[in-house]
Amino acid sequence: MTKSLFFSLLTSFVIFSCDRFDADKEICTTCKPGSEPVRKVLFVGWDGVRSDALKNASTPNLDSLILSGIVSYNCDRGEFTVSVPGWSTILHGVWPNKHNLSENSFRKNKYEDYPDLISLAKQFKPNLSATVLTNWDDFLRITSNEDYSQRYDNDEQVTDAAVQLLDECTPDIMILHLDYPDYIGHRLGFSSSGMEYRGAIEVSDFYLGRVMEKIYAREMNYNEEWMVVVTTDHGGEGTGHGGQDNLEQTRKVWSVIRTPGATNHELTQMNSVDLLPTMLKWLGITGITNLDGVSLN
Ligand SMILES: [Zn+2]
C-alpha cells in the first residue's frame, strides 16, 4: 500500500466515523426577527425530572401553565432512557426505531429522514426564526437550521439569554434546555423526595418564571399567543437513569402544554412523540405523514 493511499483510507475512515454535524454550530448567533405575528412556540426541556419528584416540588410557575393547558404525569418517553434518544424522540417526533439513536451518541442518526421541529417547520415556513439555548453542548446537535443556537455555562445564563432574545428578536420557535436537575440527580440521587433534587427542580421553575414573565408581557402588549411546552427526557433511580426502560420512575415522565385561554385538562396517558405534532399544528403545520405521534390540541 502506498503512503498516499494509506492516508486517503485513513482520512475516509475518520470522515466516516465522524458525526455529521458542523463543529462551529454553537456560534450561530443571528438574532433574526420572528415572522409569525401571533402564534409562537416556547419549548422548555428540564433534563432528568421524575414525575413524582415534580409533584412533590414547589413549582408555582409550572402550576400556572398547567392551569391553562394539558398536563400528563404518565407520558411514555419510550425506550433507551438516556438524553440523546430522549430529546431526539421529543424534538423529531418519532420513536428510536426511526431516529435510530439508542445511546448518548449521534453516530447512527437518521435525522435526515426524520427532521427536527425547526427543520420541519422551516420546510413549510422558511421565514420562521428559531433559537436553541442550552448549557449542554450535545443538545445543540439534536436540532438544526436554527438562526440562533448557543451554549452557555449554566442554566441562569441560558435564562438571561432567553429573556434578552425575546426582547431583541422574538423568535417564532424558542427551545431552552435546562440541565441542573439531571446534574444534581447524578451527583446526589434521583428520588421522589430528595431535598437537593427537589431544590434543583424548584430552581428550574424559578428560571421558567423569569422567561414566562417576558412571555406574558408580550402576550399582553403585542397580542402574541405562545404555546409553552415543558417536559423532560427521562426520570431516574439512584444516581442514574440509563438502561431503565422498565422502571416507571425513569420511563414515564410528565409533559405540560399551555396555550392562552385554555382550560386545564389532565391526560391519563400520552407519548413524548405527541409533542412535536402538537407544536407544529399550533404554527399551522399539519399533514406530515411519517411522524409517530398525534397533535393533542
Ligand atoms: Zn437527560
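Nothing fancy with the numbering, it's 1 onward along the sequence. Counting starts at 1 for both ligands and their atoms, following the listed order.
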>> Would the distance check show the side chain of S35 and the main-chain N or O of N127 forming a donor-acceptor pair, the cut-off being under 3.5 Å?
In response: yes

Name the atoms and distances for all side-chain donor-acceptor pairs under 3.5 Å in residues 59-71, with sequence neighbours left out.
| unit_1 | atom_1 | unit_2 | atom_2 | d |
| --- | --- | --- | --- | --- |
| T59 | OG1 | D63 | OD1 | 3.4 |
| N61 | ND2 | D205 | O | 3.0 |
| N61 | ND2 | D205 | OD2 | 3.1 |
| S64 | OG | P60 | O | 3.1 |

> Do the side chain of N109 and the main chain of F106 share a donor and acceptor less than 3.5 angstrom apart?
Replying inline: yes

Got a list of side-chain donor-acceptor pairs under 3.5 Å for residues 75-84, not counting sequence neighbours?
| unit_1 | atom_1 | unit_2 | atom_2 | d |
| --- | --- | --- | --- | --- |
| D76 | OD1 | G78 | N | 2.8 |
| D76 | OD1 | R251 | NE | 2.7 |
| D76 | OD2 | R251 | NH2 | 3.2 |
| R77 | NE | D233 | O | 2.6 |
| R77 | NH1 | E79 | O | 3.0 |
| R77 | NH1 | F80 | O | 2.9 |
| R77 | NH2 | F80 | O | 3.2 |
| R77 | NH2 | V82 | O | 2.9 |
| R77 | NH2 | D233 | O | 3.0 |
| T81 | OG1 | H241 | O | 2.5 |
| T81 | OG1 | G243 | N | 3.4 |
| T81 | OG1 | Q244 | N | 3.0 |
| S83 | OG | D47 | OD1 | 3.4 |
| S83 | OG | D233 | OD2 | 2.7 |
| S83 | OG | H234 | NE2 | 3.2 |

> Do you know which N/O/S atom name in D47 is closest to the Zn ion (ligand 1)?
Replying inline: OD1

>> Given the Zn ion (ligand 1) as the apex, I'd like the angle to NE2 of H234 and OD2 of D233, rounded to 10 degrees.
In response: 100°

> Near the Zn ion (ligand 1), is there an N/O/S atom from S83 that is less than 2.8 Å away?
Replying inline: yes

